[in-house]
Amino acid sequence: MSDEIKHECGLAYIRLRKPFSYYLQKRGSVTYGLNKLYLLMEKQHNRGQDGAGLATLKLDIEAGNPFLYRQRSSAPQPIADLFYKIGLEIQELEKFQPDIAKHPGLMKGHLPFMGEILLGHLRYGTQGKNNVEFCHPFLKKDLVPGKNIALAGNFNLVNTEELFQHIGFDPGAFEKQSDLAAMMEVIHHFLVKEEALNPNAPNIVNVLKQAAPLFDGGFTIGGLIGNGYSFIMRDANGIRPAYYYIDGEVIVAASERASIRTTFNVGENEVLELMPGTALIVDDKGDYKIEQIIEPKERRACSFERIYFSRGSDEKIYRERIALGNHLSKIVLDRIEKDLKNTIFSYIPNTAEVAFYGLIKGMEQYLNNIKVERILSWGKEVDAERLEEMVNRKIRQEKIAIKDVKLRTFITEDANRNEMVQHVYDITYGTVKKDQDTLVVIDDSIVRGTTLRESIIRMLSRLSPKKIIVVSSAPQIRYPDCYGIDMSKMGDFIAFKAAIALLDERGMNNVIEETYQKIKVLEANGALHTENVVRQLYKPFTPEEISDKIAQLITPSNVNIPVEVIYQTIEDLHECCPTNTGDWYFTGNYPTPGGNKVCNKAFANYVEGNNVRGY
């Protein structure tokens, strides 16, 4: 993704099912759980680089001794920072007891994070400040063990105000900025009630069944309860991902299947998907059950997980990204008029590499068909030189762009900053035949178009190609997200800007005013959640008209080389990613009522000049 957006936190959970002495003897390390948590988090570092945190729960601790610990970091490399600090604690213990790692009981007693249940989190901040206070897990502490809870999650909620009102809680400045704080207060509210009914043995299923239906959003959450219970739960539409693995030694859950497979060296079919609306509940003895907490709704798993967010090392995701690129090959061939001899293919940025392979496969298939047809048409008039030339024809691929280390500058003037932004990417000179080659570059998505306009298009134009074609393996991003991706302002989207520009050009500004007025009527009636009114802004135009206008908007005024933009179609997206049908940022078809409310509010903010989030 050339436009950087923040998104999709990551969750990591491990429940050790054996005594620490078992892991020392069988696995060679008393810190087996911590070691695996580190790997499980590190293999998901793509999901969060603003911060990280972990909580551990010790079992069978005598009354009066601490049993729930937490550590968080917002350092530049937060995962490494967390475990470096734990490593220092171990080194300090070994100064006085060099053999302490051979004594599990002593290690558990002296090392705070030596717990049987571990919960890790990686944060990409979609709201709140990027400081350590906003890093998960959050804690609620109490003298009664069963009222203690650590909570972390991958989510956004759009009804936090209503949640606070529902439980009669008056939030402070911090709580108002944190979705997790709202979720924590609600869950803890019902946990306290359940604890009163069943002292130190609250029914976690009942707690979740009372709390979860109140949440409007997409979520995967993990919780540790002071009485030794723990849980992982997923929303009813399956918007956010969750996977788990269970054997005789461990129970593991994470946001990505591949991270579990790599960390524990297990097969694909051994890692299961936690289905929508269900929770993995683990009791204080290490026994587990899968409970249906909320009735499952239409599956709307986030398609961006497959396009961009999740690591491509998962074999299903890899195949789907190949397919996304491959499905674009026909329209690209048409745009270059099948002139493969004078076309160079590349990708920007590196996250688009797999889709690029799919695009190239489509081109190679076409070229191979041409080779066969040509050779057959020669009949007996074939000579070795002619045949060799035909067989050796290849798709021209080049590493056109190289992303430099993120540039930081003290310059604040816009003109000078734009000059610096142009150099975020560098180009490979001598790869393009001037005024003859068409340059095709694929991106996994185009959100704001800022990097394309201010850097990539300017940079590519210096190679003097005949034409530049930018291909997006995702459809046009037209609507805000409110379920975990930092895309909440209408005015940021290049597709929205294109629609507004077309309405203005065609004298249809009345559509903008009518849309705004209808939203204000809905707002006055408390009905913003009932309909996505913003969709009518796009109805007068075909996707191709929007794409053509986007091409104009991302072309700098001093660049005279023709620029075209090609987007994936919604239909092809669903064909390539059949299990992740969540497409609200492309279609405006939100899975929860809160999505409509956020979208309508985001447009009203745009019209009123309020540069704030829609929720």
Side-chain angles (χ1 to χ4, degrees), residues 1-3 303-304 307 323-339 343 345 347-348 352 355-356 358-359 362-363 366 438-450 452-453 456-457 460 465-479 490 492-509 511-512 515 532 534-556 559-577 583-589:
M1 184 176 287
S2 53
D3 289 322
S303 57
F304 252 130
I307 298 168
L324 286 167
N326 193 266
H327 273 67
L328 289 160
S329 58
K330 186 178 184 301
I331 187 172
V332 172
L333 277 168
D334 291 340
R335 292 291 184 91
I336 65 174
E337 298 177 341
K338 299 182 172 61
D339 182 13
T343 302
F345 295 87
Y347 56 91
I348 303 173
F356 169 75
L359 177 62
M363 297 299 158
Y366 170 79
T438 294
L439 195 50
V440 177
V441 292
I442 187 168
D443 195 346
D444 37 38
S445 61
I446 304 169
V447 185
R448 305 177 184 97
T450 307
L452 281 169
R453 183 181 61 252
I456 294 173
I457 299 299
L460 296 179
K466 181 177 73 173
K467 181 166 65 174
I468 298 170
I469 300 177
V470 180
V471 183
S472 170
S473 66
Q476 296 167 3
I477 298 171
R478 298 181 170 191
Y479 305 95
M490 290 297 306
D492 286 348
F493 305 133
I494 191 68
F496 174 76
K497 291 177 181 178
I500 295 296
L502 287 171
L503 289 170
D504 182 59
E505 289 175 8
R506 300 184 187 184
M508 300 173 66
N509 285 316
V511 175
I512 300 173
T515 302
N532 180 2
V534 181
R535 297 174 82 173
Q536 69 189 43
L537 294 171
Y538 295 95
K539 285 183 178 179
F541 315 113
T542 65
E544 291 73 24
E545 288 176 309
I546 299 287
S547 295
D548 291 344
K549 177 51 68 173
I550 288 172
Q552 294 178 24
L553 294 177
I554 65 172
T555 303
V559 171
N560 298 318
I561 295 167
V563 175
E564 297 179 13
V565 176
I566 299 172
Y567 281 93
Q568 190 77 254
T569 66
I570 300 294
E571 295 76 19
D572 283 349
L573 169 69
H574 291 317
E575 185 175 335
C576 296
C577 308
D583 61 2
W584 51 90
Y585 17 69
F586 308 129
T587 65
N589 181 20

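Note that this is a predicted model, so its numbers are computed, not measured.
Considering only heavy atoms from C-beta on, C577 comes within 4.5 Å of L324 through its side chain. Looking at heavy atoms from C-beta onward, T343 lies out of side-chain contact with M363 at the 4.5 angstrom threshold. Annotation: side chain of D492 is not in contact with side chain of V447 (no heavy-atom distance under 4.5 Å). Using a 4.5 Å cut-off on side-chain heavy atoms (C-beta onward), L460 and P465 make no contact. Using a 4.5 Å heavy-atom cutoff, the side chains of V441 and V470 are in contact. Inter-residue side-chain proximity for D444 and Y347 is flagged as unmet; no heavy-atom pair is nearer than 4.5 Å. Put simply, the side chain of V332 does not reach to within 4.5 Å of the side chain of Y366, judged on heavy atoms.
For the atom pair CD1 (I500) and CZ (F493), the distance works out to 13.0 Å, reported to the nearest 0.5 Å. The CG atom of L452 sits 9.5 Å away from the OG1 atom of T555 when rounded to the nearest 0.5 Å. The distance from atom CD1 of I566 to atom CD1 of I550, rounded to the nearest 0.5 Å, is 12.5 Å. To the nearest 0.5 angstrom, T515 atom OG1 is 8.0 Å from L503 atom CG. For the atom pair CG of L439 and CD1 of I468, the computed distance is 6.0 Å after rounding to the nearest 0.5 Å. A distance of 12.0 Å separates CD1 in I336 from CD1 in I331, rounded to the nearest 0.5 Å.
Nearest approach of R335 to E564, heavy atoms of both residues: NH1-OE1, 3.0 Å. The two atoms that bring I546 and A498 nearest to each other are O-CB, 3.9 Å, heavy atoms only. Summarising the geometry of I512 relative to L537, their closest heavy-atom pair is CA-CD2, 4.1 Å, with the distance given to 0.1 Å. The two residues W584 and N589 have their closest heavy-atom pair at CB-O, 3.4 Å. A pairwise comparison of heavy atoms in I307 and S473 identifies CG2-OG, 4.1 Å as the closest pair. Scanning all heavy atoms of the two residues, the minimum distance from I442 to A352 falls at O-CB, 3.5 Å.
Screening residues 535-544 for salt bridge (Lys or Arg N to Asp or Glu O under 4.0 Å) gives no qualifying pairs among residues at least two apart or on separate chains.
By the side chain to side chain contact (heavy atoms under 4.5 Å, CB included) test, S547 is found to be paired with Q476, Y567, residues two or more places apart in sequence or in another chain being considered. Annotation: side chain to side chain contact (heavy atoms under 4.5 Å, CB included) contacts of K497 (sequence neighbours excluded): I494, L553. Residues passing the side chain to side chain donor-acceptor pair (under 3.5 Å) test with K549, sequence neighbours excluded: E505, Q552. With sequence neighbours left out, the side chain to side chain contact (heavy atoms under 4.5 Å, CB included) criterion links D572 to H327, Q568, T569, E575. With sequence neighbours left out, the side chain to side chain contact (heavy atoms under 4.5 Å, CB included) criterion links D548 to no other residue.
Using a distance-only test at 3.5 Å, with no hydrogens or angles considered, a donor-acceptor pair links the side chain of Y585 to the main chain of F304. In this structure, the side chain of Y479 does not engage the main chain of V534 through any donor-acceptor pair within 3.5 Å.
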D443 and I348: CA distance, side-chain angles, deciding distance, side-chain contact (heavy atoms from CB on, under 4.5 Å) verdict = CA-CA 5 Å; D443 195 346; I348 303 173; 5.7 Å; no
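Atom NZ of K330 is surrounded by 12 or fewer heavy atoms from other residues, nucleotides or ligands within 6.0 Å.
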